[in-house]
Amino acid sequence: MASPSPTPLTLEGTCKLLPEPVPSDALFRRLAAEYAALADAYGPRNVLVLKRHPAGLEPLAEALAGVDATDGSPRSPRVESLPEHASKTLEEYDPTLDRLEYEERIELISLVIDGASREVPAYLERAAEHESFARDVGQLLLEATRQQLRLEDVADDDPHDCLAFLYAMNDRFHREIDSRGYVERADVIPRAVDLLESNADGLRDRVGDSIDAVLAVEFEEYRRLDRRYLAALSADADLVCVGERHASVERTCVEPARIDARVGDGLEVTSLERSRTPQQPPHAPIARYLATGEPPDASADRSRSPATESPPAGHAYRIRTRTARQQLRAVATEIQALRDRYGWSYDEFAVAVPRIERVPETRKRLREAGLPTATIGTPSLAEDPVVNECYAFVTLQCARERDGDRIDAVAADADARTRERGRTRARHSEDELEPAEIALDRLRARVEDFSPALLEACAGSSVVRSLERRIRRTDLKGRIARDESWVDAREQYESVRRVLEIARFVEETDLVGPDWQGLRRMLRRTIQYDAPYVHAVETQPPTGGVTVCAVDDCKYDSREAIFLLDLTDDNYPGEQFLTQLFPTAWLREMDCYPAVTDPDPDTIAKTFATAGTAVGDPFETYHAQRSRRRLALAARAARSRLYCCSYERGSGSLQRTYDESRYLQGIDATPGLELRDVDADTAAAIHGEANALEALLDQPRGELERILREASTGGEADLGATEALFEEIALVLEEGDIDPELAEAVRSQFEFAAGEVVRDD
């Protein structure tokens with residue numbers, strides 16, 4: 001990693017901060033006004049608009065392009081994200097540098113750790129057995145790299161032995177990639193900062209030649225190194241920064257305090273007036289309350305009393321269901337109802353989940369409910385059938401290289417097992433089979449008329465060409481196009497591309513052998529360590545559909561209706577912050593961890609207006625306030641309607657608990673704010689075959705719960721209607737032409753309802 005510059009430049013210019021997060025149209029109007037002034041003064045091509053986050057570049061560019069020049073001619077704004085611009089700066093300095101791809105990084109850092117001369121701390125050896133270990137370590141090291149934290153930088157602070165070991169491995173990893181001519185993506189900004197501040201080979205002069213003014217957007221999220229990059233870039237240019245107070249989520253994870261306390265004396269900070277427009281959505285006061293803690297205006301409060309029926313100052317909608325699945329069914333029903341009522345297209349809806357890992361499952365459930373979804377990304381490689389098919393092919397090629405006759409024997413054994421299953425329906429678990437047998441079974445299940453002869457026909461001296469030949473001969477892309485929906489097809493095509501990229505890297509690197517064994521090793525490690533959607537996620541493809549995204553992505557988006565899922569206290573604020581790698585008690589003591597771990601009450605109060613004075617555990621309080629802010633930013637992304645969705649949790653038999661987020665409870669308790677309940681009964685509007693099956697399976701338990709509710713309140717339940725329903729279901733099970741597994745599933749619901757089987761939703 002490059003050494004930090006001894007003489008960082010200071011920010012000089014103006015900083016204009018909005019008093020609170022505002023809807024995107026209001027924010028775009030403000031940015032357009034600032035851009036128009038700079039473009040008129042310096043010319044559009046001499047004004048660089050620098051956005052902190054890559055998401056949302058296109059709508060920002062469109063908003064700025066819509067501002068006509070003083071002579072009536074259209075604008076053509078230069079809009080780039082800060083990481084993208086820093087990458088181009090690095091390429092300007094050294095065009096030969098290669099960016100290390102995600103899969104390559106996994107392999108190289110694993111080799112560095114395997115070859116470590118330092119003794120591995122006992123805790124890390126035990127933690128390595130957990131599935132998420134590699135991903136958690138990877139995220140920690142990425143963040144240390146982004147902040148330019150090296151072991152020598154923290155040595156005087158007596159770091160925890162686990163952190164010291166990991167930082168030492170990270171330093172060694174970067175020395176290794178430096179020697180190979182690579183640069184890690186997380187290291188792009190730190191390297192570019194050093195080069196610009198030192199003006200290496202006149203780089204700052206060359207990059208700044210065409211820049212007379214810089215408009216820095218989302219300034220509240222600019223971190224320490226981001227601000228140093230901006231200062232060096234705008235050293236000879238007019239700098240205008242625009243940000244929002246109470247809106248930083250990413251920066252406050254690693255850096256406490258509000259942004260104006262971090263900019264230094266060279267940047268003149270001004271606060272913009274709050275804009276009051278009659279077009280504000282009904283949930284705007286709720287978004288403001290979540291972000292700032294401010295209740296609705298006093299004038300609005302005084303206008304309401306128990307004797308009046310005046311509407312609340314702000315309201316959103318609430319969906320409550322018994323289970324997480326029912327939550328998604330209710331969301332799907334409400335989306336269909338809103339489309340019928342307002343004529344909105346599917347791409348005017350977004351469904352936001354607490355974590356990116358929840359995206360694939362949520363998207364799947366919505367599609368089963370009959371909704372097209374737009375989100376396209378790269379799911380976990382382990383969950384992709386195409387990747388498993390390719391890995392099985394590579395595994396068999398490895399076995400064939402070792403013993404070609406063995407493959408024929410394995411195929412004969414597989415044929416015998418197939419005949420046995422035909423007679424006895426016996427099943428063999430994968431634990432009973434060797435890798436070659438598992439691989440052969442997977443290929444036969446995926447490829448019609450597969451035979452070991454195909455392995456020999458596709459084999460060659462190049463693993464890349466062999467894979468490409470196998471893809472053509474088995475018509476893999478054609479099968480994807482025929483058998484998968486367009487969303488799954490796009491993602492599986494991307495997975496094919498990733499596998500081929502890994503194969504090309506294997507042939508070019510000296511990290512592993514350029515053969516089947518080397519490819520299998522690298523594929524296995526990548527599949528093992530890969531996480532869902534670690535790569536770019538596209539939420540607005542040309543065909544449209546409902547966007548499914550992590551709640552943090554809503555900050556850079558705007559839709560007519562936003563559905564916030566899983567609003568339970570387990571998620572907002574949640575219990576585990578920053579990482580699963582270390583216990584929370586350890587994190588509180590890790591001053592060298594690359595995030596805020598030991599804030600004091602005064603720091604919390606100066607960072608979050610919503611914290612108040614009653615502070616419990618400082619660590620948990622600090623990051624709980626960040627969680628509240630995530631909800632606020634997602635709420636402001638809804639242009640017309642905001643939905644807060646939650647569900648109960650099973651606790652055994654028919655007993656269930658409801659653990660709604662404390663932030664929703666705060667909204668409920670605030671005068672002038674209201675959460676209007678939406679009828680979550682989807683029986684009248686069932687979309688899709690999967691939803692129809694869900695409704696059928698829910699009936700036994702639902703009926704018995706209805707009877708118990710009546711009995712608990714002293715009411716009278718109509719058992720005749722229940723008996724008639726159960727008799728009808730029994731008749732269908734007995735005489736109807738339905739799948740035996742479905743019939744068994746329905747019967748199991750009666751067992752669940754009777755408490756014979758406990759289900760934990």
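Put simply, the side chain of K364 does not reach to within 4.5 Å of the side chain of T373, judged on heavy atoms. Looking at heavy atoms from C-beta onward, R479 lies in side-chain contact with E389 at the 4.5 angstrom threshold. Side-chain atoms of V551 and P354, non-hydrogen and from C-beta on, never get closer than 4.5 Å to each other. Put simply, the side chain of Y647 reaches to within 4.5 Å of the side chain of D566, judged on heavy atoms. R105 places a side-chain heavy atom less than 4.5 Å from the side chain of L142. Residues W516 and R400 fail the side-chain proximity criterion, which asks for heavy atoms closer than 4.5 Å. Contact check for R559 versus F349: no side-chain heavy atoms found under the 4.5 Å cut-off. Looking only at side-chain heavy atoms (C-beta outward), Q326 and R329 come within less than 4.5 Å of each other.
With respect to R365 and E361, a salt bridge is recorded, a charged nitrogen being found less than 4.0 Å from a carboxylate O. With salt bridges taken as basic N to acidic carboxylate O contacts below 4.0 Å, one links R146 and E143. Salt bridge status for R504 with E501: present, with a side-chain N to carboxylate O gap under 4.0 Å. Salt bridge annotation for R99-E91: present, with a cationic side-chain nitrogen under 4.0 angstrom from a carboxylate oxygen.
To the nearest 0.5 Å, atoms CD1 (I527) and CG (N388) are separated by 6.0 Å. Here the straight-line distance linking atom CG of L523 with atom CZ of R521 works out to 12.5 Å at 0.5 Å rounding. From S646, atom OG reaches atom CG of N571 across 10.5 Å, with rounding to the nearest 0.5 Å. Separating the CG atom in D552 from the CD1 atom in I356 is a distance of 9.0 Å, to the nearest 0.5 Å. The CG atom of L396 lies 9.5 Å from the CZ atom of R520; values are rounded to the nearest 0.5 Å. Put simply, CD on E348 and CD1 on I335 are 12.0 Å apart, with the number rounded to the nearest 0.5 Å.
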Could you go through the side-chain contact (heavy atoms from CB on, under 4.5 Å) check for F173 and L141 one step at a time? CA-CA 10 Å; F173 166 66; L141 298 186; over 6 Å; no

If you apply the rule side-chain contact (heavy atoms from CB on, under 4.5 Å), what do you find for L443 with L454, and how did you get there? CA-CA 11 Å; L443 283 181; L454 180 64; over 6 Å; no

Go through V506 and V464 one step at a time and tell me if the side-chain contact (heavy atoms from CB on, under 4.5 Å) criterion holds. CA-CA 9 Å; V506 165; V464 175; over 6 Å; no

Apply the test side-chain hydrogen bond (donor to acceptor under 3.5 Å, both in side chains) to residues S345 and D347: give CA-CA distance (whole Å), side-chain angles for both, the deciding distance (0.1 Å), then the verdict. CA-CA 5 Å; S345 61; D347 56 10; 2.4 Å; yes

L581 vs H130, test: side-chain contact (heavy atoms from CB on, under 4.5 Å). Steps then yes/no. CA-CA 9 Å; L581 185 59; H130 294 279; over 6 Å; no

Show your working on salt bridge (charged side-chain N to carboxylate O under 4.0 Å, His left out) between D488 and R363 and close with a plain yes or no. CA-CA 11 Å; D488 288 337; R363 192 190 68 181; 3.3 Å; yes

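With hydrogens and angles disregarded, a donor-acceptor distance shorter than 3.5 Å links the side chain of Y493 to the backbone of K477. Side-chain atoms of T579 never come within 3.5 Å of backbone atoms of D136 as a donor-acceptor pair (strictly under, hydrogens ignored). Although no hydrogens or angles enter the test, the distance criterion places a donor-acceptor pair under 3.5 Å between the side chain of R339 and the main chain of W344. A donor-acceptor contact shorter than 3.5 Å is absent between the side chain of T509 and the backbone of F505. Within the 3.5 Å criterion, the main-chain N or O of E176 finds a donor-acceptor partner in the side chain of S179. Listed for the T321 side chain is a donor-acceptor partner under 3.5 Å among the backbone atoms of Q327.
A donor and an acceptor atom, one from each side chain of D384 and S495, are located under 3.5 Å apart. Side-chain atoms of E507 and S462 form a donor-acceptor pair, as typed in the model, at a separation below 3.5 Å.
The two residues Q492 and P385 have their closest heavy-atom pair at NE2-CG, 3.8 Å. The heavy-atom pair separating M522 from T526 by the smallest distance is O-OG1, 2.7 Å. Closest approach of R470 to C390, counting heavy atoms only: NH1-SG, 4.0 Å. The two residues G518 and D515 come nearest to each other via the heavy atoms N-OD1, 2.8 Å. Residues C554 and A634 approach most closely at CB-CA, 3.7 Å, considering heavy atoms. For the pair Q336 and G370, the tightest heavy-atom approach, listed with the atom from each and the gap, is NE2-O, 3.9 Å.
Few gaps surround CD on E125; more than 12 heavy atoms of other groups in view lie less than 6.0 Å from it. Environment of CZ in R465: sparse, with no more than 12 heavy atoms of neighbouring residues, nucleotides or ligands closer than 6.0 Å.
Of the candidates V499, T474, L455, F393 forms a side chain to side chain contact (heavy atoms under 4.5 Å, CB included) with just one, namely L455.
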